[in-house]
Chemist: 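For reference, the structure I am asking about is given below.
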Amino acid sequence: MKVLVTGSAGFIGFHLVKKLIAQNYDVYGLDNINDYYSIKLKYDRLKDCGIEPQMVKNNQIVRSKIYSNYHFAKIDLSDEEGLFDIFKNQKFDIVVNLAAQAGVRYSIDNPHAYVKSNISGFLNVLEACRMFPPKKLLYASSSSVYGKNTEQPFAVTDKVDTPISVYAATKKSNELMAHTYSHLFSLTTIGLRFFTVYGPWGRPDMAPFLFSDSIVNKKEMKVYNHGNMKRDFTFIDDIVESISRIIPAETKAYSVYNIGNGTPIDLKFFISCLEKEFNQNAIKVNYPLQPGDLIETWADTKELVNLISYIPSTKIEDGVKQFVDWYKKYYNIKDN
């Protein structure tokens with residue numbers, strides 16, 4: 001089958017591409033390679049997939065030098081004509097839309113970027129799927145849609161009408177838009193509510209990177225809400241394994257799944273795992289809770305497990321070790 005992965009130079013997209021390549025899918029990746037965070041990291045991910053930086057040109061599909069079943073094109077989802085041309089010419093069996101403007105806190109100061117990418121861009125994907133229908137469309141949602149919900153664990157049957165960030169509101173909008181297209185055009189859509197994904201090749205704007213940078217460079221580590229927070233940290237391998245199993249699974253015309261580890265981890269314990277792996281204590285400074293942040297996330301994954309017979313279960317100690325091992329190698333950091 002031919003699979004399109006948007007956001008393929010991103011954290012989850014990169015790992016999913018590698019997974020699907022190994023499973024012998026015919027994989028096409030799209031990404032606009034924006035500068036929200038390090039472009040070098042994004043190009044290094046592409047390079048690991050056999051796409052050299054000099055090969056990348058706007059709206060041109062290029063073939064990997066390493067994997068014969070991987071192709072990539074630099075394109076923004078706001079480019080409706082370019083996107084439709086790719087859909088028309090390639091006729092994808094599966095579309096996995098992971099392209100989005102990420103980041104809860106950034107969305108408060110830069111809301112227009114989120115509307116352009118996460119709503120207008122997603123609308124273009126939906127329209128392309130309507131005109132050139134794949135067998136199913138999978139798309140990234142987020143645990144942030146649960147907003148002010150207080151009942152734990154978060155279940156996909158819970159109401160999600162109280163988002164507390166622009167980012168969360170755009171992800172809730174994606175789910176509503178997908179439902180509409182499923183109803184009107186019989187398009188099979190599957191929303192994936194990711195819970196705090198971490199691991200090698202991750203995003204520099206997220207806690208594992210920020211904390212690691214503070215530890216390595218002996219800088220102040222900003223610990224929000226005095227560390228009284230819990231996150232359902234989910235290792236990247238569990239995320240992509242789940243997605244790869246959802247692709248061939250029999251699903252409803254419209255569905256949403258939580259993809260999380262199902263175990264809330266205390267932020268202070270997470271930091272202690274990093275300190276252990278770096279063999280160095282952090283200089284922790286407490287700050288109040290930031291606007292848009294949830295105090296605790298916890299995924300109810302019953303529906304996911306029933307669908308794919310797989311339980312994301314990487315232990316936090318193991319996942320942190322793999323992340324730190326990669327971090328040290330990538331940034332050439334010597335052990336203390």
Side-chain angles (χ1 to χ4, degrees), residues 2-10 12-13 16 28-34 36 58-59 61 72-104 106-108 110-145 147 156 160-161 163 165-194 243 246-247 251-257:
K2 187 178 289 188
V3 181
L4 173 67
V5 179
T6 72
S8 60
I12 299 176
L16 181 61
Y28 283 71
L30 301 183
D31 203 292
N32 68 354
I33 317 181
N34 68 28
Y36 168 62
N58 291 334
N59 290 37
I61 297 175
F72 175 81
K74 181 183 178 184
I75 186 171
D76 195 297
L77 296 187
S78 64
D79 181 357
E80 184 177 353
E81 183 178 352
L83 189 66
F84 283 19
D85 281 347
I86 289 175
F87 269 76
K88 179 181 179 180
N89 294 331
Q90 300 304 325
K91 296 185 171 55
F92 301 110
D93 297 294
I94 302 292
V95 175
V96 185
N97 184 61
L98 302 177
Q101 179 57 58
V104 169
Y106 187 73
S107 73
I108 296 171
N110 300 275
H112 289 93
Y114 289 76
V115 173
K116 177 184 177 184
S117 179
N118 300 5
I119 295 181
S120 297
F122 186 56
L123 178 61
N124 286 341
V125 171
L126 287 169
E127 277 290 283
C129 288
R130 177 177 72 85
M131 295 177 65
F132 311 102
K135 294 177 181 176
K136 61 178 68 171
L137 163 66
L138 288 72
Y139 63 94
S141 185
S142 168
S143 61
S144 67
V145 300
V156 292
V160 287
D161 298 329
S165 70
V166 175
Y167 171 70
T170 64
K171 289 302 182 180
K172 165 66 173 175
S173 299
N174 287 170
E175 295 181 3
L176 294 173
M177 294 162 72
H179 183 275
T180 301
Y181 272 70
S182 290
H183 174 74
L184 291 176
F185 308 115
S186 300
L187 178 64
T188 298
T189 65
I190 303 159
L192 310 173
R193 292 176 179 170
F194 299 130
I243 298 173
I246 291 172
I247 286 174
T251 58
K252 300 175 183 176
Y254 172 83
S255 54
V256 176
Y257 296 96

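Numbering of residues begins at 1 and proceeds along the displayed sequence.
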Chemist: Name all residues meeting the side chain to side chain donor-acceptor pair (under 3.5 Å) criterion together with Asn97; count only those two or more places apart in sequence or in a different chain, and write none if there are none.
Modeler: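 Expected list: Thr6.
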Chemist: Quick check: do Leu123 and Val125 have side-chain heavy atoms less than 4.5 Å from each other?
Modeler: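 No, too far: nothing below the 4.5 Å cut-off.
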Chemist: Taking the side chain as every heavy atom from C-beta outward, state whether Lys2 and Lys91 have any pair of such atoms under 4.5 Å apart.
Modeler: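 Result no, sub-4.5 Å side-chain heavy-atom pair not found.
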Chemist: Would you check if Ile243 and Leu138 make a side-chain contact, meaning some heavy-atom pair closer than 4.5 Å?
Modeler: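 Ile243 vs Leu138: side chains touch.
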Chemist: What residue pairs, at least two apart or across chains, pass side-chain hydrogen bond (donor to acceptor under 3.5 Å, both in side chains) with a residue in residues 121-142?
Modeler: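 For residues 121-142: Glu127-Arg130, Glu127-Tyr181, Ser141-Glu175, Ser142-Ser144.
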Chemist: Checking His183 now: which residues fulfil ring-ring contact (aromatic ring centres under 6.0 Å, His included) with it, not counting sequence neighbours?
Modeler: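 Result, ring-ring contact (aromatic ring centres under 6.0 Å, His included) vs His183: none returned.
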Chemist: Output all residues satisfying side chain to side chain donor-acceptor pair (under 3.5 Å) with Asp93, sequence neighbours left out; order by chain, then residue number.
Modeler: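 With neighbours one apart ignored, the set is empty.
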Chemist: Between Met177 and Leu126, is any pair of side-chain heavy atoms under 4.5 Å apart?
Modeler: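 Yes, close enough: below the 4.5 Å cut-off.
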Chemist: Look at the side chain of Lys171 and the backbone N and O of Ala140, then say whether any donor-acceptor pair between them is shorter than 3.5 Å.
Modeler: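 Indeed, once roles are kept as given, a pair shorter than 3.5 Å links the two residues.
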Chemist: Between the main-chain N or O of Gly82 and the side-chain N or O of Asp79, is there a donor-acceptor pair closer than 3.5 Å?
Modeler: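 It does hold such a pair.
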Chemist: So Val256 and Ile190, do their side chains get closer than 4.5 Å, heavy atoms only?
Modeler: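 Of all side-chain heavy-atom pairs linking Val256 with Ile190, none is under 4.5 Å.
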Chemist: Any non-hydrogen side-chain atom of Ile86 less than 4.5 Å from a side-chain atom of Phe132?
Modeler: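 When only atoms from C-beta onward are counted, Phe132 and Ile86 do not touch, as no gap falls below 4.5 Å.
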Chemist: In chain order, what residues pass the ring-ring contact (aromatic ring centres under 6.0 Å, His included) check against Phe92, with sequence neighbours excluded?
Modeler: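 In terms of ring-ring contact (aromatic ring centres under 6.0 Å, His included), with neighbours along the sequence ignored, Phe92 is linked to Tyr28, Phe87.
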Chemist: Keeping the roles fixed (side chain from Ser255, backbone from Thr251), state whether a donor-acceptor pair exists under 3.5 Å.
Modeler: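 It does not hold such a pair.
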Chemist: According to side-chain hydrogen bond (donor to acceptor under 3.5 Å, both in side chains), does anything in residues 113-122 pair up with another residue at least two apart or in another chain? List the pairs.
Modeler: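 Listed by first then second residue: Asn118-Thr170.
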Chemist: Please check this pair: side chain of Thr180 against backbone of Leu176, looking for a donor-acceptor N/O pair closer than 3.5 Å.
Modeler: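 Answer holds: yes.
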Chemist: To the nearest 0.5 angstrom, please state how far the CD atom of Glu81 sits from the CD1 atom of Ile75.
Modeler: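 Reported to 0.5 Å precision, the distance equals 9.5 Å.
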